[in-house]
Structure formats: C-alpha cells, structure tokens
4 protein chains.
Amino acid sequence: MTERGGARVPRGEARDRIVAAATELFGRQGYEATTTRQIVEAAQVTKGAMYHWFSSKEELLTSIYRELLAEQTARLEAIAGGAGPADVRLHDAVTDLFAHMDEHAEPLTVWARSMHLVAGEHAAAVRAERRRYQHLFQDLVEEGQKTGVFRGDVLATVVTNTFLSGIVQIYRWFRPEGPLTRRELGEQMVALFLDGVRTVPTAEPA
Amino acid sequence: MTERGGARVPRGEARDRIVAAATELFGRQGYEATTTRQIVEAAQVTKGAMYHWFSSKEELLTSIYRELLAEQTARLEAIAGGAGPADVRLHDAVTDLFAHMDEHAEPLTVWARSMHLVAGEHAAAVRAERRRYQHLFQDLVEEGQKTGVFRGDVLATVVTNTFLSGIVQIYRWFRPEGPLTRRELGEQMVALFLDGVRTVPTAEPA
Amino acid sequence: MTERGGARVPRGEARDRIVAAATELFGRQGYEATTTRQIVEAAQVTKGAMYHWFSSKEELLTSIYRELLAEQTARLEAIAGGAGPADVRLHDAVTDLFAHMDEHAEPLTVWARSMHLVAGEHAAAVRAERRRYQHLFQDLVEEGQKTGVFRGDVLATVVTNTFLSGIVQIYRWFRPEGPLTRRELGEQMVALFLDGVRTVPTAEPA
Amino acid sequence: MTERGGARVPRGEARDRIVAAATELFGRQGYEATTTRQIVEAAQVTKGAMYHWFSSKEELLTSIYRELLAEQTARLEAIAGGAGPADVRLHDAVTDLFAHMDEHAEPLTVWARSMHLVAGEHAAAVRAERRRYQHLFQDLVEEGQKTGVFRGDVLATVVTNTFLSGIVQIYRWFRPEGPLTRRELGEQMVALFLDGVRTVPTAEPA
DNA sequence: TATGAATGAGTATTCATTCAT
DNA sequence: AATGAATGAATACTCATTCAT
C-alpha cells in the first residue's frame, strides 16, 4: 500500500490507485471474495482502465506480491549474508521483518491469505521468488545447525516453516491498540523461537 | 436452517454423504472453487436434499469444522485438566492434537484454507467456539508461568497464538509423502515450542 | 381470521391455524410473495400437515375467499332483496359491508390483492361466486336507474365497479388510529357515492 | 445500481428494448410470473446487458412506473395550478388522466398489479413520488371545499383516496373491447365522482 | 391425522473479461 | 490512457409438491 490510512479515495495516478484499492480489499476480504467491481469503485476508475493496466485480476494479485517480496528478499539477503553467529543474524532478520511489517501490513496480509490461489504462469514466477525468500531463511537455520548454535534434531524445514507461519499469521490476532507494539511483539516472538517457553529445558518429558 | 441448536443432529444416509463429499471437495479444491453442483453430484443427492440439511454452502462448511472443533476441545479439556507439571501437559496436548489431526487432516485443511471467507452469524458462532479452545490452551500457559515452569517475559497470548499459528498453517507446506510422518512432525514442533532452536540459550543477543 | 390480534401462535386445530396463518401472510405480503414454508412455520405445522388439509397453495387461497364471500353474499342478498327505495337499500348494504370489514379486514385484503391470481379449476368456482356478489350489487343499481332514483347516463357496470373498487382499496390507506372509525368512513363513502363531492350539481362543466 | 439519481438517464437501444419488453410482459403476465429470461429473450439482449442497466428486476419495475408517474404529476400540476373553479379543474384533471392512461395503459396496469410486491428502498422512493401526486389532487379538493364548491362533510383524504382507488382499479374490470372507450369511461367516472349516482340528492336516508 | 426427507425444474443474480470507440 | 456497454456461462439458492411411513 502506497497510502497511509485516513484518506478514503487514493490520490495519484490511476495505476497506483488500482493497486492501493486492490491491496486494501484483498487484505480485508481475501482475493476470491473481492470483485473487480469493488476494486474499480474503490479506485475510482473504470473497468476498462483496470484492464488497461493489468491483464487480469490474478496479475493484479501477483503484482502486489512480487513488489513486496522483492524488497523483503533484498533485506533478508543483506542481513543473512552478514557476519556474526547464526542466531544473532536470525534475530536481526526477524527484527527487521517486524520493523517493515509496520509499513507493509496490508500486502503481507494479502500474501498470507491468498498466496495459494495463484495458479498458472503467474504461479511459477511468484513461487520461485517466494521459495528464494524461504531458502535464505532456511540456509541460515542450516548454517546454525552446522555450527552447533542450533539444535540438529529438528529439520531445518520444520524450523523455517514454523517461524514463518507464526509471523504470517500475526494479522489474525495482533491488534496495534493492544498492550504491545509490533516491534515489542517481534522481540517476544524471536525470544520464543530461539529459546522456547520453558525455563528449565533439561527436564525432557516422556 | 435445518439444524437445531445444541441438540444432537440427526444423521440420515444422505446427510452423511453430503458431509463426506463436501469435506473431500473443499479440502481438495478449496471452498470457493467448489460448487454446490459438484457436491450434490459427488454425494449423489439432489440440490433440494442438500438444502434440506444445510441452509447454505457456508453452513455446510462451518458444520464440518464445528464438529471437529468440539471434539478437539473435549480432548484438550481432558488433558489440560489433568495432573503433572504444565510443560508435560502442554507436550501431551500438542502430541494428542497431532495424533488427532492425522485422522482428520482433510476437514482441518478445509477450515484453515477457508476460514476467512466465512462471515456474519456463522463466523461469530465458530469464533466463539474457537476462542474457547484457545483459552484452554492459554490457561495452561499462564499456569506454567505462575509455577515458574514457563518464562514470564513473553505474554501468554503471544505464546498461544504463535503455537496455534504454527499448527494451523502446516497444511500449507507439510506433505505426508515427505521425510516425516505427521506424528514425528508433532514431536519436532513441540520440542521447538518448548525449548526453541538455540542450543545455548545463555548468549542473549543485543 | 379466526384470531384476534395479540397471540402470536394461533391456538386451535391444525387446519384453523393454517388458515389463520395463511390469511395473515397473504394479506400482509401478497399471495405470490408468501411461501408454503412461511405458512407452515407461522402455523406451527409440518408441510405434510398443510398438504393433508389443502391440496395446494391455491386451494388455500380460494378457501379463504369462498368462506368470506359466501357470508358477504348472504348479507347482501338479505338487504338488497328488502323493501324501500334503491338508494336506501344501497346505503344500507354499504353500511353493513363496512360494519363487517371491522371483523374481516384481513381476508378482504387478501381478496383485493390476490383475486386475479386464482386460475384453473378453482378460478371458475370463485369467479362465479364473486360475479354473483357483484351482480346483486349491480342489480340494485339497475333497479334504481329504472325507478329513476339513480342517473341513467352512467352504465351500471361503471357504477358498481367504481363503488367496489373504492371499498376494496380501503386497506391501502385507511388507518384505524386515524380521525375516523371504519363506520364513519363508511358513512362518508356512501354519501360520496350517492351524491358526489359537488354541492351545486347544476353547473355542468365542458 | 446503474442509474444515476436525478440526472437524465442515458438511453441506449438496448435499454429501450428491455423496458419495452418488460412493460409488455409484466402487463400481460404480472411481475412475479415474468422471468428475467423471458425479458432478455423478448428484448434480444443478454442477461448481463439487462443487469448493466438495471440492478434488479425490481428496479426495472419501479423504473417503468416512476417515469410514468413523473409525467402524470407534471400534467396534474399544470392543470391543478390553472384558473377557474375547483370542480372544473378537477374535471379537467381526471379527463386528462384518462386520456393519458389511454396511451400508457400497459405500464399503469403493470404497476397497479405489482405495486404491493415492491419493498424496501424502491417502494419508499415510489411512495414518496406517489404521495406528491396524491397531494396535488387533495389540495384541489380542499380548495374546492374552502370555496364552497365541494361538500365539507366528507374529509378531503376520503374523497381523494376514493377517487384514485376507483381509477387505479379499472384495469381489473375494464375491457377496451367493451361498450365504452377509455375516454368515455373517464367522462362517466368524473360525472359520478362529482355528482354521485343519485338523481334526487335531497332524500337523505336514515 | 400427521411426519419430514426428498424432488427437480426453475430463479435472480454475479462476475471476470472484451472491444469498438 | 481510457471509456462503458455488453458478454455468456456459471452460481447459490428456492419452492410447491410428493410419498413412504
């Protein structure tokens, strides 16, 4: 979303208004439940204009993804490729992700909700980018496992997917008006991911 | 509305066939992509019969989930209300949840995928039941925090939501044909939840 | 309607409850807009019960008519067949009709609204009865024309239909809470029918 | 909703054909008995085209009526606002109304038959316009009462509603093939309204 | 004197998309 | 860089009625 909350009708060029409207609607109602009619009404353009800029509703969805994903991937690359122990870099990566969610909450919601609906040609491209992002994350986990900083009895895929699931679902329950800011939430979640809930990790049950 | 609130729902042959067909189709194609026509054809009933038992496609979806949720809530209640330290009971609860998911993977996938499409009355009813489930979980976490078995620097809501998010999302990446069974995955995820990825929890970063 | 306002669920035998519910619904929403489902729910019977007593929705409608029409016809017959000048008898007939509308407002509404929908076998019977009623009225008008008490330059059909239209439409605008009782309204309408609005009937325009 | 409130409605060929077809079908079979399928087939357009111009079948019905009502209101305004005694102007207004009905018998029949099926927003809009028409009429009656040309012992509302009921119902019994033309009928009805049936208005009964 | 599950043809409406201008 | 009328196939849902029990 290129627009901060408050203004109802997005200003700017038609294309931007379409993207902003679609992002907001996809995020709030889901991709399937959003009609092209709603999009053009919210963006205050005609259907023709929308199809002038995007060849289909699906392309509109993938556009939103890819823009976001590209940025996120670049940031993760920078941090993961840095120096220092894996756990510290993981911590920094997640912290950074949360910092950016403040500004990109809506497209991330879209991503979480509607990713699996992208099919056909578009799917391939998006899935490839998405896999690249996930791999950067997973590589970091695997590196930590090799250097002994992370446990080896849990598969790196399990770790990565569990982490990302937790993050991607935040929009479902987190309320910015609540007791925590998004950044504080980030700190708590990283702490949880890294060290778990248990204070005395020795007493293995069963 | 054909179902009488609270009372045991009568099961005709037709009703069972409808539920089975819908579960399978929703799970495979998603809720929106499944048509009532497909459901009645698969269930070998007429449309009228389907609408005799369920007042809408949405009620059919929520029915499937509510039945399952009720069962899961009962199981969690039994385990969480037992004796022993909180971490052991949490471990047992999650293990049991995974065992149960093994038998009911389809309807759970259905729900995880289509939850956000349900609105209004139905959503409210399900959310209420779902909240009850979550509270059972959260109470267990809070108890552990009070007894010192769980860390107190992370809010119980954060713990609970993070756990459940990880679980609810597994249908997105887990493949039963892969290296792990669902139960093995369960073991790894509990381990992760309880003790984190890090082997040396002392070296707190930043 | 066999029921005075106040009680929601009509007491009494099933058949009576069905008639009462149908009358109320047909009167309020119209025949076409009322579903058998609404009728059986309001009457608190099953569909089977309804079809046990009435072979179709249409028969239910005609039943309501015929009961009312038979009574009304009998009363009109008694008055129209009496002695005295035609205008006095017409006056008495209309007065009597208004007196009875107090108790039969609902079925009269049904009659006014849905008469024209009755088709097929039922139609013939109802139309015959309805025509009989109208003819009693019209005979009275024609008699008055012959005896010179009524004007001859307006067709008796026009007079009759205009009278009855005015009466049948009352439910559309008359409110019992308003300045007039139904009987007072009756007096005013008869006065209007008999002598017109104009005080000086001599000055023929055009 | 495709129509923009207040502004002149653009007329494509297709829109005109839809209105014409709907008017004819509604008039002949009734609103409920007419399907959208029949309308689009008769108008030789697709369903999509119909829903492009009218947001629902109900809007199509109300459109037909509102257009007509607006015209009639304008005519009544012109005549009622003229000079001369109230009874002459009333006579002229009704005569003009019948002349107009002669040309627009179909849409008027449509409305008289189906009015009660329209609910909600559309009904409210039409009722407001309809009330405006009725008030013009009633004002004329009240003026006549003040100037002594009309009797004062009958409420103006009663007069107005009785008049208009008689007119609105003529579609139920009038047959153009019968002994009278619509204009002749108009003359007889005005005569009746103004001076009543009775030749000797002195002999007040009871 | 009911029950209630089931029918099946039919309904109004939606929606992503196109294309001449 | 747009418009907006039109498409056409598909969709969820309704409803009077039946019938074995």
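Keep in mind that this is a model prediction, so the values were computed, not measured. Reminder, nothing fancy here: chain letters follow the sequence lines and each chain counts from 1.
Look at CD1 on I18(B): it is 11 Å from C1' on dA5(E), rounded to the nearest Å. Per the geometry, CZ belonging to R17(C) stands 12 Å off C1' belonging to dA2(E), to the nearest Å. Following rounding to the nearest Å, K57(A) (NZ) and dT14(E) (P) show an atom-to-atom distance of 15 Å. If you measure from atom CG of D16(B) to atom C1' of dA5(E), you get 14 Å, rounded to the nearest angstrom. Per the geometry, CD belonging to E58(B) stands 15 Å off C1' belonging to dT11(F), to the nearest Å. The CD atom of Q29(C) sits 11 Å away from the P atom of dC15(F) (whole-angstrom rounding). Atom P of nucleotide dG4(F) and atom CZ of F54(D) are separated by 18 Å, given to the nearest angstrom. The distance from atom CD of E13(C) to atom C1' of dA2(E) is 12 Å, rounded to the nearest whole Å.
The shortest distance between side-chain heavy atoms of L69(D) and W111(D) does not fall below 4.5 Å. The shortest distance between side-chain heavy atoms of V19(B) and R15(B) falls below 4.5 Å.
Contact annotation: H52(A) side-chain N/O to dA2(F) OP1/OP2 distance is not under 4.0 Å.
The stretch residues 34-44 of chain D touches DNA chain E through T34(D), T35(D), T36(D), each having a heavy atom within less than 4.0 Å of the strand.
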- Query: Dot-bracket for DNA chain F, 5' to 3', with Watson-Crick and G-U pairs under 3.5 Å, [ ] for crossing pairs and | for other-strand pairs: what is it?
  - Reply: .||||||||||||||||||||
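Nearest-nucleotide positions on DNA chain E for E32(D) and M50(A) put E32(D) closer to the 5' end. Taking the nucleotide of DNA chain F with the nearest heavy atom to each of K47(A) and W53(A), the more 5' of the two is matched to W53(A). Each of A49(D) and A33(B) has a nearest nucleotide on DNA chain F; the 5'-most of these lies closest to A49(D).
Screening residues 38-53 of chain D for salt bridge (charged side-chain N to carboxylate O under 4.0 Å, His left out), with sequence neighbours left out, gives R37(D)-E41(D).
Closest to the Y51(B) side chain, of the nucleotides dC13(F), dT13(E), dT17(F), is dC13(F). In the set dG8(F), dT17(E), dG4(E), dG8(F) carries the atom at the smallest distance from any side-chain atom of T46(D).
Take R66(C) and apply the salt bridge (Lys or Arg N to Asp or Glu O under 4.0 Å) test, not counting sequence neighbours, and it matches E129(C). For E32(A), the side-chain contact (heavy atoms from CB on, under 4.5 Å) partners at least two apart in sequence or on another chain are L117(A), E32(B), H116(B), L117(B). Residues satisfying the salt bridge (Lys or Arg N to Asp or Glu O under 4.0 Å) test with E58(B), not counting sequence neighbours, are none.
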- Query: Is there a side chain to side chain contact (heavy atoms under 4.5 Å, CB included) between T46(C) and V40(C) once you walk through the steps?
  - Reply: CA-CA 6 Å; T46(C) 60; V40(C) 300; over 6 Å; no
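Residue Q44(D) qualifies as open at atom CD: its count of foreign heavy atoms under 6.0 Å is 12 or below.
For P107(B) against I64(B), the heavy-atom pair with the smallest separation is CB-CG2, 3.7 Å.
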